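Note that the structure is predicted; figures quoted are calculated from it, not measured. For reference, positions follow the sequence shown, starting with 1. The figures here come from the full heavy-atom set of this structure, side chains too, leaving out hydrogens, waters and symmetry mates.
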Amino acid sequence: MKKFIFLIIITTILGCQNTISPQQPKLEEEFIIKLGQEIAIPEENISLQFNAVLEESRCPEDATCIWAGNAKIAIQLNKQEKDLNTYVEPKQAAIANYEIKLISLNPYPKYNKQIRKKDYVAKLLVTKN
């Protein structure tokens, strides 16, 4: 019985080690944010949210297209929302005293494969003006 209890305790401790919360993003450092996720940059007292994928017309990896296409997302800083693009302007936007730049949007489309909304992640860079 003691071995069983010991095994449960060790399993619980090891399981908790895998749930370490991700690092908080910082100014001037690229970071990843999931669709629907809200994150804070505590030292600046701001919050950022990836609200929506408004457009997804990027040329799939395994297709031949006339143009590269574009994806457009909605990003909110505190209470102000701006749209950012992967290919056409604007790829970055000024909100309050900050500049938000869309570095990339993943996953990249594949021919005949639907992207689930929950799979979208944006790589962003936030700088101070």
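Here the closest heavy-atom approach between residue K34 and residue V121 is recorded as CG-CG1, 3.7 Å. N85 and K72 make their closest contact through OD1-CB, 3.4 Å (heavy atoms, listed as atom of the first residue, atom of the second, distance). Residues L105 and T86 approach most closely at CB-CG2, 3.9 Å, considering heavy atoms. Closest of all the heavy-atom pairs between N129 and A96 is ND2-O, 4.2 Å. Taking each heavy atom of A40 and P25 in turn, the nearest pair found is O-CD, 3.7 Å. Of all heavy-atom pairs spanning C59 and T64, the tightest one is SG-C, 4.3 Å.
Hydrophobic clustering, with ILVMFWY side chains joined whenever heavy atoms are under 4.5 angstrom apart, groups I115 together with I33. By the rule that hydrophobic residues join a cluster once side-chain heavy atoms approach within less than 4.5 Å of another member, F31 and I103 end up as members of separate clusters. Following chains of ILVMFWY side-chain contacts shorter than 4.5 Å, one cannot reach I32 starting from I46, and the two form parts of different hydrophobic clusters. Under the 4.5 Å side-chain contact rule for hydrophobic residues, L84 and L125 do not share a cluster.
With rounding to the nearest 0.5 angstrom, the NZ atom of K91 is 12.5 Å from the OG atom of S104. For the atom pair Q37 CD and K118 NZ, the distance stands at 14.5 Å (nearest 0.5 Å). Between the CD1 atom of I73 and the CD atom of E81 there is a distance of 10.0 Å, given to the nearest 0.5 Å. We find the NZ-CG distance between K128 and L27 to be 7.0 Å, quoted to the nearest 0.5 Å. Annotation: the span from E38 atom CD to N51 atom CG amounts to 8.5 Å, rounded to 0.5 Å. The structure places CG of N45 at 7.5 Å from CG of N78, a figure rounded to the nearest 0.5 Å.
Looking at heavy atoms from C-beta onward, I75 lies out of side-chain contact with K82 at the 4.5 angstrom threshold. When side chains are defined from C-beta on, L124 counts as touching L48, because their heavy atoms get closer than 4.5 Å. Taking 4.5 Å as the limit, every side-chain heavy atom of P109 sits out of range of all side-chain heavy atoms of S57.
Looking at E43 and K26, no side-chain N of the basic residue comes within less than 4.0 Å of a carboxylate O on the acidic one, giving no salt bridge.
Residues in residues 95-129 take part in no ring-ring contact (aromatic ring centres under 6.0 Å, His included) pair, two or more places apart or across chains.
If you run salt bridge (charged side-chain N to carboxylate O under 4.0 Å, His left out) between R58 and each of E55, E56, E61, only E56 comes through.
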